[in-house]
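Here is the structure we will look at.
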There are 2 protein chains.
Amino acid sequence: MSQDSPIDRRITRTKAAIREALAACVNEAGFDDLSVKDITSRAGINRGTFYLHYHDKSELMQQIQAEVILEIERIILASAPMRLADLADRVTPLPVVVCLFSYLRENAALINALLKQKGDVAFHSQIRCALERNLREVGFLAGTEPEQFQVPANYLISYVLSAHLGVLQEWLQTGCRESPEEMARILTKLSLDGPVRTMATG
Amino acid sequence: MSQDSPIDRRITRTKAAIREALAACVNEAGFDDLSVKDITSRAGINRGTFYLHYHDKSELMQQIQAEVILEIERIILASAPMRLADLADRVTPLPVVVCLFSYLRENAALINALLKQKGDVAFHSQIRCALERNLREVGFLAGTEPEQFQVPANYLISYVLSAHLGVLQEWLQTGCRESPEEMARILTKLSLDGPVRTMATG
DNA sequence: CAGATAATCAACGCGATGTCCATTAAATTT
DNA sequence: AAATTTAATGGACATCGCGTTGATTATCTG
C-alpha cells in the first residue's frame, strides 16, 4: 500500500533511520564536513550497512530529494489545476499553497537540510525541473505564449523559484513561527504586487 | 596603491593563481568533489604552498567571498544613494544596477563558482548580511518603518535577495547573453510589477 | 520451521588531508 | 650589487574517511 519494492521491514527501518539522521546531522553540523560515519552512528547502524543501500553521500541526497519532490508533486496534482486567472482574482491564497506549507512544516528538518545543500546535487535545480515541467503541462506556460512575456521566460522562472525557496528557507530556519496560511498570504502578496509595492505602507 | 598588507609580489601572484584556478575548477567539476590538489595543480603551484596562505578549502572560499563582497559594496557606495522614490519613478533601470552587472560579467567565472556553493560557507548568507546592513544605513529600511510593511521585513528581504541572486545565476550559467542594461531592466520590471503581472502579455 | 537476506564486524587498499623540514628561488633592504 | 629576508618547492609523514570484501549473526518472509 505504501511502498512497492522494499517489502522487508529491515530495509524500511534502516532507510528511515538514515533519513532522519541525515536531517539531524545536516541541521546541526552542515553538509560539507559530514562523514558517512557521522550519519550512521547517529542512525544507530553499522557504517557498512549504509553502503548496502547507497553508493555514497551524494546518492543518498539525490534519492531523498526525489522522494520529497514526488510527494510535493502529489500534493500539487491532488488539487484543482490552477490558472493565472485564479491568482489574479483572489486575495486569499490558494489552498494548494497552504497544503504545501503544511507538508513542508511537518518535514521541516529534512526540507531545511535539503535546501541548505547547493553543491553538486542541488535540490534547487531538481525542483526547477519539476516546476518547469508542471508549468508547461498543467498551467501557466501552456496558456500563454512565453515569447510574449515582458521578460525572458527563463529569468521569470528563476526569479519566482528562487524567491519562493528563499522565503521558505527563511521560514524553516526561524522555526516556522508563522502559520502555513500566513506564509501563503505573504508569498501571494509578494508575487502579485511585487516586492517594491509590497514595501509601501498601508 | 592597490594593496596594503601583501607587499611581496610572490604572494600576490600565488593568490591570484589560486583564485583563478578555483573559479575554473568549480565551474567544470563542482565544488564538493574538489581537492586541494586539483586547485593547486591547476594553478601551477605546489600543494604545500596552498597551506601557506589558507588553512583549508573553506577558508579560501570565505576570503574570496569577502573580497568580492567588498568590491560590490564599493560599487554601490560609489554611486548616488538610492531611495524608494527613485525606483518607483523611473522605468529605466538604475545606473548602479547596470554597473553591478558589468562587474559581475567581468568576473563571471568566479561569481558563478561562489554562487554554486551553498554549503557551510554560503555566499548567499554573507551577501544577505551585507545587503541588510546597507539597506539599514543607506536607504530603504531607514526611511520606512519595517513594522508597516505588508509582510514581515525578513521575508521581504529573503524574497528580493533570493530572486535577484537566482536571476543572476541563471544569467551567468547561460553565458551572459543579455547585456547588463537588459538584465537591469528585467530585474527592475520584475520587482516593480511583480512576477505575476510581468507574465501578462503586453 | 526452513530458507532467504539484511545487518554486523573486522579488515583492507586507496586517496586526500594538514603538517613538517631542508632546500631552492625570488623578493626586498642595505 | 651584495646581503638578507622570506616565499615557494619537493618530499615525507601520520591521520582520516572512503568504498569494498568476506565471514558471521540476526531477522524477516513464505
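Proteins come first, then strands; the chains are lettered A, B, ... in the order of their sequence lines, and each starts at number 1. Everything numeric in this text was worked out from a predicted model, so none of it was measured.
Between Ile72(A) and Ile75(A), every side-chain heavy-atom pair lies at or beyond the 4.5 Å cut-off. Using a 4.5 Å heavy-atom threshold, the side chains of Met183(A) and Val167(A) count as touching. The shortest side-chain heavy-atom distance between Leu110(B) and Ile64(B) falls under the 4.5 Å cut-off. No side-chain heavy atom of Gln150(A) sits under 4.5 Å from any side-chain heavy atom of Ile186(B). In this structure, Val68(B) and Phe123(B) have side chains that are in contact, with non-hydrogen atoms separated by less than 4.5 Å. A 4.5 Å side-chain heavy-atom check between Leu60(A) and Leu22(A) finds at least one atom pair inside the cut-off.
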Between the protein and nucleotides 21-24 of chain D, list the N/O to N/O atom pairs that are separated by less than 3.5 angstrom.
none

Considering only nitrogen or oxygen atoms on both sides, find all protein atoms under 3.5 Å from nucleotides 13-17 of chain D and state each distance.
none

Produce the list of close N/O pairs, under 3.5 Å, pairing protein atoms with atoms of nucleotides 27-30 of chain D; give distances to one decimal.
from: dT27(D); atom 1: O2; to: Arg10(A); atom 2: NH1; distance (Å): 2.8
from: dC28(D); atom 1: OP1; to: Arg13(A); atom 2: NH2; distance (Å): 2.8
from: dT29(D); atom 1: OP1; to: Ile7(A); atom 2: O; distance (Å): 3.3
from: dT29(D); atom 1: OP2; to: Arg9(A); atom 2: NE; distance (Å): 3.2
from: dT29(D); atom 1: OP2; to: Arg9(A); atom 2: NH2; distance (Å): 3.4

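In this view, Asp38(B) satisfies the salt bridge (charged side-chain N to carboxylate O under 4.0 Å, His left out) rule with no residue, not counting sequence neighbours. Applying the side-chain contact (heavy atoms from CB on, under 4.5 Å) rule to Glu67(B) yields the partners Arg19(B); only residues at least two apart in sequence or on another chain are considered. Glu106(A) pairs by the side-chain contact (heavy atoms from CB on, under 4.5 Å) definition with nothing, not counting sequence neighbours.
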field: Pair Ser162(B)-Gln169(A), side-chain contact (heavy atoms from CB on, under 4.5 Å): steps then yes or no
entry: CA-CA 10 Å; Ser162(B) 294; Gln169(A) 195 169 4; over 6 Å; no
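Residue pairs meeting the salt bridge (charged side-chain N to carboxylate O under 4.0 Å, His left out) criterion with at least one partner in residues 158-178 of chain A, sequence neighbours excluded, are Glu170(A)-Arg128(B). Applying the ring pair (Phe, Tyr, Trp, His ring centres under 6.0 Å) test to pairs two or more places apart or on separate chains, those with a residue in residues 41-68 of chain A are Phe50(A)-Tyr54(A). Note on residues 151-185 of chain A: pairs passing ring pair (Phe, Tyr, Trp, His ring centres under 6.0 Å), not counting sequence neighbours, are Phe101(A)-Trp171(A).
A sub-4.0 Å separation between OP1 or OP2 of dA8(D) and a side-chain N or O of His53(B) is present. Residue Asn46(B) places none of its side-chain N or O atoms closer than 4.0 Å to OP1 or OP2 of dA8(D).
Annotation: proximity of residues 17-26 of chain B to DNA chain C (heavy atom, distance under 4.0 Å) is found for no residue.
Distance Ile45(B) CD1 to dG10(D) P: 11 Å, rounded to the nearest Å. For the pair Asp56(A) CG and dC18(D) P, the computed distance is 10 Å after rounding to whole Å.
For the helix from dC1(C)-dG30(D) to dT30(C)-dA1(D), the axis fitted to the five pairs at one end and the axis fitted to the five pairs at the other end meet at an angle of 40° (nearest 10 degrees).
With respect to Asp32(A) and Lys57(B), no salt bridge is recorded, no charged nitrogen being found less than 4.0 Å from a carboxylate O. Glu182(A) has no carboxylate O lying under 4.0 Å from a charged side-chain N of Lys189(A), or vice versa, which leaves the two without a salt bridge.
Summarising the geometry, atom CG belonging to Leu114(A) is positioned 11.5 Å from atom NZ belonging to Lys116(A); distances are rounded to the nearest 0.5 Å.
In the 5' to 3' direction, nucleotides of DNA chain C lying under 4.0 Å from heavy atoms of chain B begin and end at dA16(C) to dT28(C).
Minimum interatomic distance between Pro93(B) and Thr188(B) (heavy atoms only, all atoms of both residues): CB-OG1, 3.7 Å. The two residues Ala130(A) and Ile69(A) have their closest heavy-atom pair at CB-CG2, 4.0 Å.
Projected onto DNA chain C by closest heavy-atom contact, Phe50(B) and Thr49(A) fall at different nucleotides, the more 5' of which corresponds to Thr49(A).
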